[in-house]
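See below for the structure under consideration.
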Amino acid sequence: MSETPKSQRSSWQRTHTCGDLTSANQDQEVVLNGWIENHRHHGQLIFVDLRDRYGVTQIVVDQEAAGMADGLFELVRRLGQEDVLSVRGRVRARGQNVNKNRSTGEIEVLALAVTVFSEAEPPPFEVLDAAEANEELRMQYRYLDLRRRPLQEALVKRARFVTAIRNYLQDQRFVDIETPILTKSSPEGARDYLVPSRVHPGKFYALPQSPQIWKQLCMVAGLDRYYQIARCFRDEDLRADRQPEFTQIDLEMSFVEEHDVLDLVEGMVVHGMREGFGVELPQPFPRFDFEQAMALYGSDKPDLRFEMLLIDCTELARKSAFKVFSGAVEAGGIVKGLCAKGAAEKYSRKGIDELTAFVQQFGAKGLAWAKITDKGVEGSIAKFYEGDAGAELIAHMGAAPGDLLLFGADQPKVVHKALGEVRLKLGTALGLRDPKQFRCCWVLNFPMFEWNEDKQRWQFAHNPFSAPVDWDVQDFTAEPARHRSRAYDFVMNGWELGSGSIRIHRPALQAKVFDFLGITPEQQRANFGYVLDAYKYGAPPHGGIALGVDRFVALALGREGIRDVIAFPKTSTAFDLLSEAPSLVSDEQLRELQILSTAPKAEDAADS
RNA sequence: GGGGGCGUAGCUCAAUUGGUUAGAGUACCGGACUGUCGAUCCGGUGGUUGCGGGUUCGACCCCCGUCGCCCUCGCCA
């Protein structure tokens, strides 16, 4: 490890880590530094498990041992968990007592001298790899939680992954460029975190939701290939996979089309997964049209670890005696089905009722179902599918005895959402979603706009700068829903991990998009004037993407949420239990900012 | 903003229908022990049952309010 010559090293400094020593080091005199993970007393003999980042090594203190420092046994006898030590000792083989559960298990270190750096109070929870303490306490004492192997592993692999990404992009001539953290607020998108300005009273910076605009300005600047491991901030309600601040691999390229970005990012992801997590991703990543993904998987982020595609039964249903089917088709809807192989016996009537209740939360009225037996179709739709009709249905669904069929009949949006969710639920229940398997894909050509029912207006489906597939579009108002944007998502195992697009680089077209969405020229100037201006002075065609590092790492490591891969995360109310941020500030600070809080005084609010 | 779950010893949990002194494991303290590795054995300290109010002869348990954490819908261009 250290390059420092031995002569310049203090006598207490480690010669090895707690994960280094094997029988090859037998009889060497070594120095280890670390924390006491555990200790076992046997009267005249004490075992101490000494832990550092690299492993755990058993230290033995033997009252009978020769060469031991005076008072050593009494010193070690009163040490406790999490005390920090330097141990000088001799490596010896364990003989019959090898511990096969540890990399250092074939040896132990016979202590000759010990320096105590720090005596620890009993920790509020035990610092063991098997997590038992609740997350609230673990976040409050995060520095203790981070001593545990699962957390350290996550941070180490995360760092390896990010380094691999940096190396890859560096090799591809990308330039790492830092962009402002104090930036301009804009009303579109997520709620901004605001920072008051002292020298501009009454005015505020916003923390960036992403470096989107800055990287586009880098393209205008001719910087060609930009990237940044960028912290982003969004003041919205949180989830297991959302933190108020999170990290993106943000990149942008000039003079490119979709396939240039996708090819490059695919290579980057493969490299990152290999170097960071030792995972070989199957290539190429399939590329789905948005419509195709919705039609086949009922989702714009398909989980490709298993098949069970949505099968279109609309034509079959049109002529059906089953009114729910034929009625839905007549009303302009569709009928689709899923064939769950061998699932018939796993789903009782009750289990199917639960699935029905499940889809109702997505707006579906229910599920039609059938079990396939040697005799044909059984279940809710059986009486409409006897004889030839049944045989036709079975053939259409590719079903065999033992299979469970589930159908949705409604407007396409509802059918896709409901069956897409059922597909995932069945996939989980049938054990088809192996967390050790990783399957990636791209989804392209998203709708340009979507209708916001609450606000009764069209809005961006992706971001305001995504180019329409049709460069020459004159008027978006005719059929807004038909316009596709040159946006793409990167998806792994059903998680959306990245999103990007080819951008608009012509100010006139950008203005047209804003106009359509009812953003007045005055608002455009106030919020994005500097971007529109930049485009006047020679903007290259360009596009890029941003990938969520936290989600990527969490998924790769099979962790439940992103808090497990962030060193110092916040709670779901965006509170930092460790530092207790956010906090009140002094009246003096507020006066300087010319800010007056209207929040109820702290003493008025009830507290625990 | 809405819905759901949780809150009991430092930690992880238990406590019958509302009923006697709120228990166990672990940690911690003391003792025994020379081959343990989740050591074992003996003994001990440790409680505002999140907080406030209410119902009741009696509340960890029921009711109201409140705080915190987790999940989720909305939200996250």
Side-chain angles (χ1 to χ4, degrees), chain A residues 37-50 56-65 73 77-78 80-82 92 94-102 104-105 108 110 120-141 144 186-192 209-210 212-213 232-244 246 361-363 446 448-450 452-455 457-466 485 487 496 499 501 513-514 517 519 527-528 548 560-561 563 570-573 575 577 580 604-608:
Chain A
E37 176 147 306
N38 195 10
H39 52 117
R40 297 171 289 279
H41 292 221
H42 286 254
Q44 307 298 301
L45 193 66
I46 304 172
F47 298 100
V48 174
D49 292 334
L50 198 67
V56 176
T57 300
Q58 173 162 295
I59 310 296
V60 193
V61 185
D62 186 340
Q63 197 156 33
E64 302 293 309
F73 192 86
R77 217 166 69 87
R78 62 174 181 81
Q81 294 191 0
E82 304 307 322
R92 64 186 196 189
R94 291 242 210 142
Q96 296 302 306
N97 298 314
V98 164
N99 184 342
K100 293 195 175 68
N101 300 321
R102 277 183 199 159
T104 60
E108 62 190 7
L110 177 69
E121 289 181 22
F125 56 89
E126 293 173 72
V127 185
L128 298 171
D129 289 351
E132 283 174 10
N134 77 58
E135 200 175 7
E136 189 174 354
L137 198 71
R138 288 166 45 212
M139 281 198 277
Q140 189 183 343
Y141 298 92
L144 295 180
S186 88
E188 296 292 332
R191 193 178 296 111
D192 284 323
Q209 295 175 27
S210 78
Q212 183 65 35
I213 286 169
C232 306
F233 307 85
R234 292 177 191 175
D235 186 6
E236 295 290 348
D237 287 349
L238 305 177
R239 291 283 191 286
D241 61 350
R242 285 190 225 157
Q243 283 275 295
F246 60 99
Q361 64 175 309
F362 306 110
F446 279 76
M448 186 90 179
F449 307 108
E450 62 193 13
N452 185 318
E453 196 62 45
D454 293 337
K455 296 174 187 164
R457 66 175 180 87
W458 291 93
Q459 63 182 28
F460 299 111
H462 232 73
N463 90 34
F465 309 105
S466 294
S485 75
E496 183 205 311
S499 188
S501 65
V513 173
F514 283 140
L517 293 171
I519 300 170
N527 295 322
F528 303 109
E560 293 295 324
R563 282 190 299 270
K570 293 183 175 60
T571 68
S572 64
T573 55
F575 188 71
L577 289 166
E580 302 190 315
D604 297 343
D607 207 7
S608 48

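Residue numbers begin at 1 in each chain, while the letters A, B, ... track the order of the sequences.
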Original post:
To the nearest Å, how far apart are A/Arg77 CZ and B/rC33 C1'?
Top reply: 12 Å

Original post:
With rounding to whole Å, what would you report as the distance between B/rG35 and B/rU40 at their C1' atoms?
Top reply: 13 Å

**OP:** Quote, to the nearest angstrom, the C1' distance that separates B/rG23 from B/rG46.
**Re:** 13 Å

Original post:
Just to confirm, is there a sub-4.0 Å distance from OP1 or OP2 of B/rC70 to any side-chain nitrogen or oxygen of A/Ser572?
Top reply: yes

Original post:
Does a side-chain heavy-atom distance below 4.5 Å link A/Val60 with A/Arg92?
Top reply: yes

**OP:** Report yes if at least one side-chain N or O of A/Asn134 is closer than 4.0 Å to OP1 or OP2 of B/rU12; otherwise report no.
**Re:** yes

Subject >> Gap between atoms CZ and P, on A/Phe575 and B/rG68 respectively (whole Å) >> reply: 9 Å

Subject >> Test ring pair (Phe, Tyr, Trp, His ring centres under 6.0 Å) applied to A/Phe449 - qualifying residues, sequence neighbours left out >> reply: A/Phe476, A/Phe516

Atom pairs under 3.5 Å, N or O on each side, protein against nucleotides 26-29 of chain B: can you list them with distances?
from	atom 1	to	atom 2	distance (Å)
B/rU26	O2'	A/Glu126	OE1	3.4
B/rU26	O2'	A/Glu126	OE2	2.7

Could you go through residues 457-465 of chain A and list every donor-acceptor pair under 3.5 Å that involves a side-chain atom there, pairing it with any protein atom two or more places apart or in another chain?
from	atom 1	to	atom 2	distance (Å)
A/Gln459	OE1	A/Asn452	ND2	2.9
A/Gln459	NE2	A/Glu450	OE2	3.4
A/His462	NE2	A/Asp489	OD1	3.4
A/His462	NE2	A/Ser499	OG	2.8
A/Asn463	OD1	A/Phe465	N	2.6
A/Asn463	OD1	A/Ser466	N	3.2

**OP:** For A/Arg563 and B/rC70, give me the distance from atom CZ to atom P, rounded to whole Å.
**Re:** 5 Å

Original post:
Under a 3.5 Å cut-off for both distances, is B/rC60 Watson-Crick or wobble paired, and to whom?
Top reply: none

Original post:
Any idea which of B/rG10, B/rC37, B/rC70 is nearest the A/Pro124 side chain?
Top reply: B/rG10

Original post:
Is there a Watson-Crick or G-U wobble partner for B/rU40 with both distances under 3.5 Å, and which nucleotide is it?
Top reply: B/rA32

Original post:
Considering heavy-atom distances to RNA chain B, does A/Phe125 or A/Asp62 have its closest nucleotide positioned more toward the 5' end?
Top reply: A/Phe125

Original post:
Roughly how far apart, to the nearest Å, are B/rA9 and B/rG52 at atom P?
Top reply: 16 Å

Original post:
Listed by chain and number, what are the side chain to side chain contact (heavy atoms under 4.5 Å, CB included) partners of A/Arg77, not counting sequence neighbours?
Top reply: A/His41, A/Ile46, A/Phe73, A/Glu74

Subject >> Side chains of A/Ile519 and A/Glu188 in contact at under 4.5 Å (non-hydrogen atoms) >> reply: yes

Original post:
Can a donor-acceptor pair under 3.5 Å be found between the side-chain atoms of A/Arg92 and the base atoms of B/rG35?
Top reply: yes

Original post:
What is the distance from atom OG1 of A/Thr573 to atom CG of A/Leu238, rounded to the nearest 0.5 Å?
Top reply: 8.0 Å

Subject >> B/rG1 to B/rC62 separation - C1' atoms, rounded to the nearest Å >> reply: 29 Å

Subject >> Atom-to-atom span, CD of A/Gln63 to C1' of B/rG35 - whole angstrom >> reply: 16 Å

Original post:
Would one find a side-chain N or O of A/Thr571 under 4.0 angstrom from OP1 or OP2 of B/rG68?
Top reply: no

Using nucleotides 74-77 of chain B, report all nitrogen or oxygen pairs with the protein that are shorter than 3.5 Å.
from	atom 1	to	atom 2	distance (Å)
B/rG74	N7	A/Arg239	NH2	3.0
B/rG74	O6	A/Arg239	NH1	3.1
B/rG74	N1	A/Asp237	OD2	2.7
B/rG74	N2	A/Asp237	OD2	3.3
B/rC75	O2'	A/Glu236	OE1	2.7
B/rC75	N3	A/Arg242	NH1	3.0
B/rC75	N3	A/Arg242	NH2	3.1
B/rC75	N4	A/Arg239	NH2	3.3
B/rC75	N4	A/Arg242	NH2	2.5
B/rC76	O2	A/Arg242	NE	3.2
B/rC76	N3	A/Arg242	NH2	3.2
B/rA77	O4'	A/Gly189	N	3.4
B/rA77	O3'	A/Phe460	O	2.7
B/rA77	O2'	A/Phe460	O	3.4
B/rA77	O2'	A/His462	O	2.0

**OP:** Please report, rounded to the nearest Å, how far the C1' atom of B/rG35 is from the CG atom of A/Leu110.
**Re:** 13 Å

**OP:** Keeping the roles fixed (side chain from A/Arg239, backbone from A/Arg242), state whether a donor-acceptor pair exists under 3.5 Å.
**Re:** no

Subject >> Touch class at under 4.0 angstrom, heavy-atom based, for A/Ile46 against every strand present >> reply: nothing

Original post:
Can you list the residues that meet the side chain to side chain donor-acceptor pair (under 3.5 Å) rule with A/Gln81, with sequence neighbours excluded?
Top reply: none

**OP:** Just call it for A/Glu108: base, sugar-phosphate, or nothing, with non-hydrogen atoms closer than 4.0 Å on any strand.
**Re:** base

**OP:** May I have the distance from A/Leu45 (atom CG) to B/rG35 (atom P), rounded to whole angstrom?
**Re:** 7 Å

**OP:** Can you sort out the partners of A/Asn527 under side chain to side chain donor-acceptor pair (under 3.5 Å), two or more places apart, ordered by chain and number?
**Re:** none

**OP:** Could you pull out all residues at least two apart from A/Glu126 that satisfy side chain to side chain contact (heavy atoms under 4.5 Å, CB included)?
**Re:** A/Leu128

Original post:
Can you name the closest pair of heavy atoms from A/Ser186 and A/Phe528 and give their distance?
Top reply: OG-CZ, 4.1 Å

Original post:
Looking only at atom P, what distance separates B/rU21 and B/rC63, rounded to whole Å?
Top reply: 25 Å

**OP:** Could you tell me which residues satisfy side chain to side chain donor-acceptor pair (under 3.5 Å) with A/Arg40, sequence neighbours excluded, listed by chain and number?
**Re:** A/Asp49, A/Gln58

Subject >> Gap between atoms CD1 and C1', on A/Ile59 and B/rU36 respectively (whole Å) >> reply: 14 Å

**OP:** Would you mind pulling out the nucleotide paired to B/rC6, Watson-Crick or G-U wobble, both distances under 3.5 Å?
**Re:** B/rG68

**OP:** Check every strand shown and say whether A/Ser466 touches a base, only sugar-phosphate, or nothing at a heavy-atom separation below 4.0 Å.
**Re:** nothing

Atom pairs under 3.5 Å: protein N/O with N/O of nucleotides 40-45 of chain B:
none

**OP:** With sequence neighbours left out, write down each residue that passes side chain to side chain contact (heavy atoms under 4.5 Å, CB included) with A/Asp237, or none if nothing qualifies.
**Re:** none

Subject >> Counterpart base for B/rA24, defined by Watson-Crick or G-U wobble contacts under 3.5 Å >> reply: B/rU12

**OP:** Send over the distance from A/Glu136 CD to B/rC71 P, rounded to a whole Å.
**Re:** 12 Å

Original post:
Taking only residues two or more places apart in sequence, or in another chain, which ones meet A/Arg234 in a side chain to side chain donor-acceptor pair (under 3.5 Å)?
Top reply: none

